[in-house]
Amino acid sequence: MTVTTETSIIVEGLTKAFYEPRTDSETIALKNLSFSVRKGEFVCLVGPSGCGKTTALRVIADLEQPLSGAVQVVGGGRPAVVFQEQSVFPWMSVQDNIAFPLRVRGMWRKERLERTRHLIDLVGLNRFEKSLPHQLSGGMKQRVSVARALAEDADVLLMDEPFGALDEQTRLELQQELLRIWDASGKTVLFITHSVDEALTLADRVLVMSHRPGRILADLQVGFSRPRDVVELRRDERFWDLTYEVWSLLKGSAVGEGEA
Ligand SMILES: Nc1ncnc2c1ncn2[C@@H]1O[C@H](COP(=O)(O)OP(=O)(O)OP(=O)(O)O)[C@@H](O)[C@H]1O
């Protein structure tokens, strides 16, 4: 794989297996997975349930060790991660949740307050600074998670089905906001989703994975112009052509086909 100054994430020949001592069995989650992501690119990983998407992301985030292969996040710094389950601290206000990574970094109070205020503004949570998570809707809690990940100020943002548990309308709203934030931030985003629709709405490139053990079936360019309007996009015939293409690939990769 050619590594250039424009490369942000490199995944090469990644294999990961989980051993289950109770049944003395092994699950091969990933086998020889390779791909790369350019700096500032928005890449979505789609694939059937259990194909190893989360495992790949956890290895990239250094939360899991691979059996073989290598991962490199160029430019240093740990990637920030947003998970599907709302990973906010329930006892902390919106403001304190978002400020947490800044506090850990030892940022001075004045600067921390300014930065937190900016992030609250960015994710549209004004008037809710003092609220506790249980007083917020699911969509609002995910806004807090996104803001907290942005507070980490990492170049790479890894997102694992962050909008998966939300209703369609809230999901569309958050997709639009994420695009706006990403446009302004220049961050590299690797975003996992089950939704073909969501992947095509957000990504510059969609990587389609096979059933477990996951490998890349296709690497599709999504050439819609930016900034995108998540609703208007649906008037574009290419959106539906690509939807068909991805679904055909997923349908062609039958369950068990790729099992080791
Ligand atoms: N900690 C673990 N211990 C044992 N097996 C695991 C572990 N984590 C994942 N697996 C197995 O590895 C395979 C891949 O799981 P993974 O969560 O990466 O898939 P996924 O594509 O993210 O699935 P989904 O889309 O449903 O979240 C699955 O068969 C899963 O059961």
Side-chain angles (χ1 to χ4, degrees), residues 9-37 42-71 73 78-87 138 141-142 145-146 149 156-168 171 174-175 178 189-203 205-220 243 246-260:
I9 303 171
I10 305 152
V11 173
E12 198 147 29
L14 205 65
T15 298
K16 173 76 188 172
F18 294 101
Y19 176 67
E20 178 53 70
R22 205 171 32 88
T23 50
D24 191 27
S25 61
E26 198 177 57
T27 302
I28 300 178
L30 300 168
K31 197 174 180 186
N32 210 14
L33 179 77
S34 298
F35 64 89
S36 66
V37 180
F42 200 127
V43 171
C44 282
L45 210 51
V46 289
S49 182
C51 76
K53 301 182 293 296
T54 296
T55 303
L57 185 128
R58 287 178 61 82
V59 175
I60 296 168
D62 201 20
L63 298 170
E64 204 85 67
Q65 289 307 306
L67 192 62
S68 61
V71 163
V73 178
R78 227 184 144 87
V81 190
V82 181
F83 293 104
Q84 174 174 353
E85 68 279 8
Q86 292 128 11
S87 43
K141 277 185 253 190
Q142 277 312 60
S145 297
V146 170
V156 175
L157 194 54
L158 305 175
M159 307 186 86
D160 190 357
E161 283 271 342
F163 309 146
L166 306 177
D167 65 89
E168 279 290 301
R171 191 167 179 158
L174 287 193
Q175 287 169 359
L178 177 62
V189 179
L190 181 62
F191 187 107
I192 288 180
T193 178
H194 278 117
S195 163
V196 174
D197 187 283
E198 181 164 72
L200 295 174
T201 301
L202 298 173
R205 265 165 68 217
V206 173
L207 305 178
V208 185
M209 281 176 79
S210 68
H211 275 280
R212 182 168 60 80
R215 61 194 162 82
I216 305 291
L217 289 175
D219 180 340
L220 303 172
T243 303
V246 177
W247 275 116
S248 302
L249 283 160
L250 291 171
K251 187 178 158 207
S253 137
V255 180
E257 182 195 66
E259 302 264 339

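Every number for a ligand or one of its atoms is a count from 1 in the order of the listing.
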[X] and side-chain contact (heavy atoms from CB on, under 4.5 Å): which partner among [options]?
X	options	result
Val189	Leu157, Val82, Val156, Leu202	Leu157
Val73	Leu158, Ile10, Ile60	Ile60
Val59	Leu33, Thr54, Leu14	Leu14

Taking the side chain as every heavy atom from C-beta outward, state whether Val146 and Leu174 have any pair of such atoms under 4.5 Å apart.
no
Kindly indicate whether the side chain of Ile216, heavy atoms from C-beta on, has any atom under 4.5 Å from the side chain of Leu45.
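With C-beta onward as the side chain, the pair touches.
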Under 4.0 Å from atom 23 (O) of ligand 1, can you find at least one protein heavy atom?
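Answer yes: something from the protein, a heavy atom, is under 4.0 Å.
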Heavy atoms of the protein only: does one fall short of 4.0 Å from atom 13 (C) of ligand 1?
yes
Give the contacting part of Arg212 toward ligand 1: side chain, backbone, both or neither, where contact means a heavy-atom distance below 4.0 Å.
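For Arg212, only side-chain atoms sit under 4.0 Å from ligand 1.
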Tell me the contacting part of Thr27 for ligand 1: side chain, backbone, both, or neither, using a 4.0 Å heavy-atom threshold, strictly below.
side chain
Which protein heavy atom lies closest to [atom], and at what distance to 0.1 Å?
atom	answer
atom 28 (C) of ligand 1	Gly50 O, 3.9 Å
atom 26 (O) of ligand 1	Ser49 OG, 2.6 Å
atom 17 (O) of ligand 1	Thr54 CB, 3.7 Å

Enclosure of Glu168 CD (heavy-atom neighbours >12, cutoff 6.0 Å)
no
List the atom of Glu198, the atom of Ser195, and the distance in Å for their closest heavy-atom pair.
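The answer is N-OG, 2.9 Å.
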One pair to check against side-chain contact (heavy atoms from CB on, under 4.5 Å): Phe191 and Leu178. What are the steps and the verdict?
CA-CA 11 Å; Phe191 187 107; Leu178 177 62; 3.7 Å; yes
Does ligand 1 have an atom under 4.0 Å from some heavy atom of Cys51?
yes
Check whether any heavy atom of Gly214 sits under 4.0 Å from an atom of ligand 1.
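False for this residue.
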Do Ser145 and Gln142 get their side chains close enough for a donor-acceptor pair, meaning under 3.5 Å?
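Their side chains do contain a donor-acceptor pair, which is all the 3.5 Å distance test asks for.
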So if I count the atoms of ligand 1 from 1 in the order they appear, which ones are less than 4.0 Å from some heavy atom of [X]?
X	result
His194	24 (P), 25 (O), 26 (O)
Pro48	21 (O)
Lys53	18 (O), 19 (O), 20 (P), 21 (O), 22 (O), 25 (O)
Ala29	12 (O), 13 (C), 14 (C)
Gly52	14 (C), 16 (P), 18 (O), 19 (O), 20 (P), 21 (O)
Thr55	14 (C), 15 (O), 16 (P), 18 (O)

Got an N/O contact under 3.5 Å between Phe18 and ligand 1?
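Among all N and O atoms of Phe18, none is under 3.5 Å from an N or O of ligand 1.
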Report the distance from atom CG of Leu249 to atom CE of Met209, rounding to the nearest 0.5 Å.
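Between atom CG of Leu249 and atom CE of Met209 there are 13.5 Å.
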